[in-house]
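Accompanying notes for the structure given below.
Numbering of ligands and ligand atoms starts at 1, following listing order.
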Amino acid sequence: MIAPSLLSADFARLAEEARRVADADWLHFDVMDAHFVPNLTFGLPVMQAVQAVSPVPLDCHLMIEAPERWAPDYAEAGARNVTVHAEACTDPRAVARDIRAAGALAGLALKPGTPLEDHLDVLPDFDTLLVMTVEPGFGGQEFMAEVLPKVRRARELVDTGHLTVLVEVDGGINADTIEAAAAAGADVFVAGSAVYGAEDPSRAIAGLRAQAAAALVG
Ligand code: DX5
Ligand code: ZN
């Protein structure tokens with residue numbers, strides 16, 4: 001699955017920008033609060049406005065402190081998936097329960113330096129695992145290949161029946177890096193600059209999808 005990140009879109013034309021990626025699987029919506037990460041983007045009212053016009057389901061990535069305060073609202077507003085950061089949660093299982101009760105898939109995100117093993121106990125309550133392949137906060141950063149063992153380990157746990165999550169990668173995914181991420185076992189690929197920075201976002205999505213599929217076969 002390919003999830004273009006609206007973070008790299010033109011914020012003055014969000015409706016048009018959402019429609020430009022109609023053949024994506026999910027539209028990734030990066031919420032930042034200038035506290036959990038040193039950047040500020042958009043919040044619930046903007047998400048609701050985008051949700052109303054987006055041709056594809058929204059994948060909300062909450063890079064905020066105290067995500068339990070807001071996560072259920074994004075689910076209620078119609079997001080397909082709502083992801084919170086493990087580093088920001090005091091009770092991740094309660095957040096997952098609230099997100100699911102509000103009708104969305106629940107996601108847990110890990111920063112590059114956060115070990116998967118520290119959060120294995122709560123992952124059975126989640127539907128997606130977002131492995132950050134850059135430090136959260138900004139688009140256009142370089143992919144951190146050193147995080148790939150974490151993706152591989154997650155894939156292994158899913159394939160052996162120990163976990164049931166979609167494995168999502170986010171940060172620096174482009175034509176040069178998607179094959180490595182796919183070979184490591186990712187299911188969902190977030191791509192900001194690689195899609196919105198392209199002249200033809202549809203072609204960029206198709207190209208990334210084909211590369212990921214080929215890496216799985218090869
Ligand atoms: C970074 C965000 C990413 C970002 C990815 O904190 O979570 O979703 O938009 O952008 P690229 O694909 O440009 O690295
Ligand atoms: Zn993101």
Subject >> Full working for salt bridge (charged side-chain N to carboxylate O under 4.0 Å, His left out) between D187 and R155 >> reply: CA-CA 9 Å; D187 301 296; R155 178 83 263 145; 3.0 Å; yes
**OP:** Run the numbers on R20 and E17 for salt bridge (charged side-chain N to carboxylate O under 4.0 Å, His left out), then give the verdict.
**Re:** CA-CA 5 Å; R20 282 173 84 204; E17 294 284 71; 2.7 Å; yes
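Applying the ring-ring contact (aromatic ring centres under 6.0 Å, His included) test to residues at least two apart or on different chains, none of the pairs has a partner in residues 106-146.
Closest to the Zn ion (ligand 2) among the N, O or S atoms of D170 is OD2. Checked against the Zn ion (ligand 2), the N, O or S atom of H61 at the shortest distance is ND1. For the Zn ion (ligand 2), the nearest N, O or S atom contributed by D30 is named OD1.
With respect to D25 and R209, a salt bridge is recorded, a charged nitrogen being found less than 4.0 Å from a carboxylate O.
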Put together the list of close N/O pairs, under 3.5 Å, between ligand 1 and the protein, could you?
from: ligand 1; atom 1: 6 (O); to: G137; atom 2: N; distance (Å): 2.8
from: ligand 1; atom 1: 7 (O); to: D30; atom 2: OD1; distance (Å): 3.0
from: ligand 1; atom 1: 7 (O); to: H61; atom 2: ND1; distance (Å): 3.3
from: ligand 1; atom 1: 7 (O); to: D170; atom 2: OD2; distance (Å): 2.9
from: ligand 1; atom 1: 8 (O); to: H28; atom 2: NE2; distance (Å): 3.3
from: ligand 1; atom 1: 8 (O); to: D30; atom 2: OD1; distance (Å): 3.2
from: ligand 1; atom 1: 8 (O); to: D30; atom 2: OD2; distance (Å): 2.8
from: ligand 1; atom 1: 8 (O); to: D170; atom 2: OD1; distance (Å): 2.7
from: ligand 1; atom 1: 8 (O); to: D170; atom 2: OD2; distance (Å): 3.0
from: ligand 1; atom 1: 9 (O); to: S5; atom 2: OG; distance (Å): 2.8
from: ligand 1; atom 1: 9 (O); to: D30; atom 2: OD2; distance (Å): 3.0
from: ligand 1; atom 1: 12 (O); to: G192; atom 2: N; distance (Å): 2.7
from: ligand 1; atom 1: 13 (O); to: G140; atom 2: N; distance (Å): 2.8
from: ligand 1; atom 1: 13 (O); to: S193; atom 2: N; distance (Å): 3.0
from: ligand 1; atom 1: 13 (O); to: S193; atom 2: OG; distance (Å): 2.5
from: ligand 1; atom 1: 14 (O); to: G172; atom 2: N; distance (Å): 2.8

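In this structure, E135 places its CD atom where more than 12 heavy-atom neighbours from other residues, nucleotides or ligands lie under 6.0 Å away. Counting non-hydrogen atoms of other residues, nucleotides and ligands closer than 6.0 Å to CZ of R13 gives a total above 12.
Looking at S8, its side chain never comes within 3.5 Å of a backbone N or O of Y196 through a donor-acceptor pair.
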